[in-house]
Each structure stands twice: as structure tokens, then as C-alpha cells.
**Student:** 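The following block contains the structure, expressed as C-alpha cells.
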Amino acid sequence: MALVGLEELRAARQRIAGVAVRTPLVPAPWAAEGERRLWLKPENLQPTGAFKTRGAYNRLAALTGEERSRGVVAQSSGNHAQAVAYAAQLLGIKAVIVMPDTSPAVKVEATRSYGAEVILVAPAERDALPARLAEEHGYVWVPPYDDPFIIAGQGTVGLEIAEDAPAELDTVLVPVSGGGLIGGTAAALKLTRPGIRVIGVEPELAADAQAGLRSGRRVEWPVADTYRTIADGLRTPSVGVLPYEHIVTYVDDIVTVTEDEIRATVALLARRGRLVAEPSGAVAPAAYFHRAAETGGQTVAAVVSGGNIEPALLAELLSERPEPKGAPVPKVTSD
């Protein structure tokens with residue numbers, strides 16, 4: 001199985017230029033702990049609020065004219081859904097999106113706002129229905145992660161980090177769901193700055209990727225288990241086949257964070273970093289604050305993968321002030 005290389009990554013960067021935002025690598029001096037330093041990659045600033053814009057546009061822009069005329073179908077808890085809908089709108093392609101009925105309303109509404117047809121199903125049906133719709137209607141299936149164009153598009157995050165990071169950067173933290181983001185980002189970093197360690201981060205309640213990396217085989221968790229986490233974008237039961245090959249080739253380790261740590265980090269990023277992150281987008285920074293012994297590193301970059309959070313949930317998390325666990329968290333002071 002061929003892995004995505006620099007040629008595919010650089011072609012993706014050219015393809016998505018002017019559509020996906022080249023997000024900055026932002027220093028977080030408020031997060032310094034002794035000699036440790038944190039930089040944040042705010043993918044919540046993308047047009048659809050998450051990194052998924054990169055992969056979705058790269059996939060759709062590469063379709064032939066005949067494929068575009070057939071329309072596309074995709075499945076997603078929300079961020080890939082919005083990205084495919086947005087890319088399809090820009091390119092004049094019909095889009096049908098299958099979403100679990102547990103998806104946050106803000107993500108469902110945003111997907112529809114880009115003109116896509118949204119079909120809500122039970123979580124267990126999300127990954128099965130697109131294949132049937134593709135067969136029945138001739139749609140081109142655009143998977144959320146198990147596709148080389150998707151992986152290459154998401155991997156442009158890694159190209160940008162490699163170019164923008166200080167010379168002393170030694171560790172990059174990336175969230176893990178289906179594996180497209182970490183697979184592509186890790187490939188880009190290892191192929192351009194091989195001395196950098198790449199650490200995946202996922203919720204304890206959806207730790208299939210960690211189990212797979214450490215066991216040497218892809219592991220699948222029951223949907224009922226992964227849907228316990230507040231990080232709705234990371235509830236995938238297993239990483240994809242192609243992303244898994246990238247993970248075992250390029251990723252150094254995968255660590256997990258608790259629900260309390262995710263919740264606290266969403267609030268911390270908003271208060272101190274002035275960044276709105278959804279729970280899924282907060283897991284990588286959460287590992288910096290709470291898993292320092294496991295992740296290591298003195299100069300660390302963490303990907304804030306998305307910011308599509310329900311306003312009510314953000315208000316709830318901002319009202320919480322839990323005692324920090326693990327590594328010290330900077331104290332919040334009034335401005």
C-alpha cells in the first residue's frame with residue numbers, strides 16, 4: 001500500500017491554495033512551564049471551522065468532470081460534512097452527507113447552509129449508508145480519512161508546521177480520529193524535519209488508535225464505547241486502513257487524555273489563548289498540559305483541529321473551574 005509522499009503533499013498544497021487558510025503557528029507564552037514552550041496551530045480558523053477543509057477540497061478538486069457530474073456522498077459527525085459541503089458548493093458539485101443523529105446541531109445546520117442534502121441516521125448506520133447510496137445513485141464516495149487525497153490534504157498542516165516552527169521544535173501533538181490528519185501531518189514532518197517527534201492524542205474513552213499502534217494491528221472499538229467521549233469528532237471506532245499504515249510508519253506514540261482534561265482545556269484555550277476550540281480540537285493541547293511525562297519535549301506544537309462547538313456547551317465549560325490534574329496548568333487571572 002503506497003504511502004503519501006512529498007510529491008502528493010506539495011500537489012495538495014497547490015490545489016487548496018486560496019481555499020484553505022494557511023494558518024499561523026502561534027506562540028503561547030502564557031502556557032510556558034519552566035523551559036517548556038508551546039506553539040498552537042489554530043485550524044479552527046479554517047473557513048468551515050476545522051482542518052477538514054484541506055482534505056475535502058483536495059479530494060473534490062481532483063475529481064474528473066464525469067465524476068463531478070455524478071455528485072458526491074460522504075459521512076461525518078460534522079467537520080468533514082461541512083468541509084465536503086463547502087468544497088462541493090465552490091466547485092458546483094451536488095453533495096449528500098450522512099450524519100449521525102447525535103451530531104451537534106451547529107454542525108448539522110452549517111452543513112445544510114452550504115447547500116448539501118443531509119441525511120441523519122443512527123450512529124451505527126453512519127458508515128454503512130454512503131456505500132449503498134453510491135451504488136444506488138452513482139455518487140462518488142468521499143471518505144473522511146481513508147483516501148490518499150484526503151491524507152495529503154490534511155498533511156499540508158505538517159508542511160506548514162515544518163516551515164514555520166522554530167529550529168528548536170522537537171515535538172508535535174496531533175489529535176487522532178480516523179487517522180487522516182495525523183497520518184498526513186506525520187508524513188509531512190518526518191519527510192521534511194525527521195528529528196521532530198510526532199505524538200498522537202485521543203480521548204481515553206475512544207483510544208482505539210493507541211491500542212492499534214501498540215499492538216501492531218488495527219483495533220476497532222464498539223460504537224457504544226467511542227460515543228461516550230465529549231469529543232464528538234474523535235468517535236471513530238477505528239483508524240482507516242491507509243491512515244494506519246502512515247501511523248505505524250511515522251508516528252512515535254499515541255497518548256490519551258481524560259474527559260475532565262479535555263473540558264478544562266477548552267476553557268483554558270478560550271480564556272488565555274483567545275481560541276474557540278471544540279472538545280475534539282482541544283485534545284492535543286490537553287496532552288501538553290496534562291501528559292508532559294508521556295509526551296516529553298521542550299518546544300512543542302499542538303494542533304487545535306477545530307472550533308465548531310455548540311455555544312451552550314462552550315458556556316458550560318467556561319463556567320467550570322476544575323482542579324487541574326497532571327502537569328501544572330497556568331493560572332487564569334482576570335484581565
**Student:** Would you say the side-chain atoms of K107 pair up with the backbone N or O of S76, donor to acceptor, closer than 3.5 Å?
**Tutor:** no
**Student:** Considering the options T111, N308, T53, which one meets the side-chain hydrogen bond (donor to acceptor under 3.5 Å, both in side chains) requirement together with T48?
**Tutor:** T53
**Student:** Closer than 3.5 angstrom, by distance alone: can the side chain of E245 be matched with the main-chain N or O of L3 as a donor-acceptor pair?
**Tutor:** no
**Student:** Thinking salt bridges, do R54 and E160 make one under a 4.0 Å N-O criterion?
**Tutor:** yes
**Student:** Between R228 and E204, does any side-chain N to carboxylate O distance fall below 4.0 Å?
**Tutor:** no
**Student:** For residues 131-150, dump all side-chain donor-acceptor pairs below 3.5 Å to protein atoms at least two apart in sequence or in another chain.
**Tutor:**
| residue | atom | partner | partner atom | Å |
| --- | --- | --- | --- | --- |
| W141 | NE1 | Q75 | OE1 | 2.8 |
| D146 | OD1 | L242 | N | 2.9 |
| D146 | OD2 | V241 | N | 2.8 |
| D147 | OD1 | F149 | N | 2.7 |
| D147 | OD1 | I150 | N | 3.2 |
| D147 | OD2 | R59 | NH1 | 3.4 |

**Student:** Which donor-acceptor pairs under 3.5 Å do the side chains of residues 170-189 make with protein atoms, sequence neighbours left out?
**Tutor:**
| residue | atom | partner | partner atom | Å |
| --- | --- | --- | --- | --- |
| D170 | OD1 | Q298 | N | 3.2 |
| D170 | OD2 | Q298 | N | 3.1 |
| D170 | OD2 | T299 | N | 3.3 |
| S177 | OG | G233 | O | 3.0 |
| S177 | OG | T236 | OG1 | 2.8 |
| T185 | OG1 | L181 | O | 2.8 |

**Student:** Whether the T23 and E43 side chains hold a donor-acceptor pair (N or O, under 3.5 Å, no angle test) is what I'd like checked.
**Tutor:** yes
**Student:** Okay, side chain of S103, backbone of S77: is any donor-acceptor separation there less than 3.5 Å?
**Tutor:** yes
**Student:** Taking R22 first and then E163, would you say they form a salt bridge - that is, a charged N and a carboxylate O separated by under 4.0 Å?
**Tutor:** yes
**Student:** Taking Q46 for the side chain and V21 for the main chain, is one N or O donor matched with an acceptor at less than 3.5 Å?
**Tutor:** yes
**Student:** I want to check something: taking the side chain as every heavy atom from C-beta on, are M99 and I119 in contact at a cut-off of under 4.5 Å?
**Tutor:** no
**Student:** Does one side chain, of E278 or N44, offer a donor that lies under 3.5 Å from an acceptor on the other?
**Tutor:** no
**Student:** Do V303 and I262 land in one hydrophobic cluster if side-chain heavy atoms of ILVMFWY residues count as linked below 4.5 Å?
**Tutor:** no
**Student:** Would you mind checking if E117 and K94 are paired as a salt bridge, meaning a charged N to carboxylate O distance below 4.0 Å?
**Tutor:** yes
**Student:** Under 3.5 Å, is there a donor-acceptor pair between the side chain of E109 and the main chain of V106?
**Tutor:** no
**Student:** Under 6.0 Å from the six-membered ring centre of Y288 and within 45° of its axis: does the NZ or CZ of R36 meet both?
**Tutor:** yes
**Student:** Using atom types as modelled and distance alone, determine if a side-chain donor or acceptor of T226 lies under 3.5 Å from a backbone N or O of R235.
**Tutor:** yes
**Student:** For residues 82-93, which side-chain donor-acceptor pairs fall under 3.5 Å, sequence neighbours excluded?
**Tutor:**
| residue | atom | partner | partner atom | Å |
| --- | --- | --- | --- | --- |
| Q82 | NE2 | G78 | O | 3.1 |
| Q89 | NE2 | Y114 | O | 3.3 |

**Student:** Does the R37 side chain pair with the main chain of P27, one donor and one acceptor, at a distance under 3.5 Å?
**Tutor:** no
**Student:** Just by modelled atom types, is the V198 backbone N or O under 3.5 Å from a matching donor or acceptor in the D252 side chain?
**Tutor:** yes
**Student:** Should V266 and I309 count as side-chain neighbours, where that means a heavy-atom distance under 4.5 Å?
**Tutor:** yes
**Student:** Is any side-chain heavy atom of I199 closer than 4.5 Å to one of R291?
**Tutor:** no
**Student:** Without swapping roles, check the side chain of E310 against the backbone of A105 for a donor-acceptor pair under 3.5 Å.
**Tutor:** yes
**Student:** With side chains defined as the heavy atoms from C-beta onward, is the minimum distance between Y227 and P222 less than 4.5 Å?
**Tutor:** no
**Student:** Quick one: closest heavy-atom pair of S113 and A110, and the distance?
**Tutor:** OG-O, 2.5 Å
**Student:** So, are D253 and R214 salt-bridged, with charged N and O less than 4.0 Å apart?
**Tutor:** yes
**Student:** Does CD in Q14 sit with more than 12 non-hydrogen atoms of other residues, nucleotides or ligands closer than 6.0 Å?
**Tutor:** no
**Student:** Keeping T258 on the side-chain end and E261 on the backbone end, is there a donor-acceptor pair under 3.5 Å?
**Tutor:** yes
**Student:** Should D101 and R126 count as an ion pair when the cut-off is N to O under 4.0 Å?
**Tutor:** no
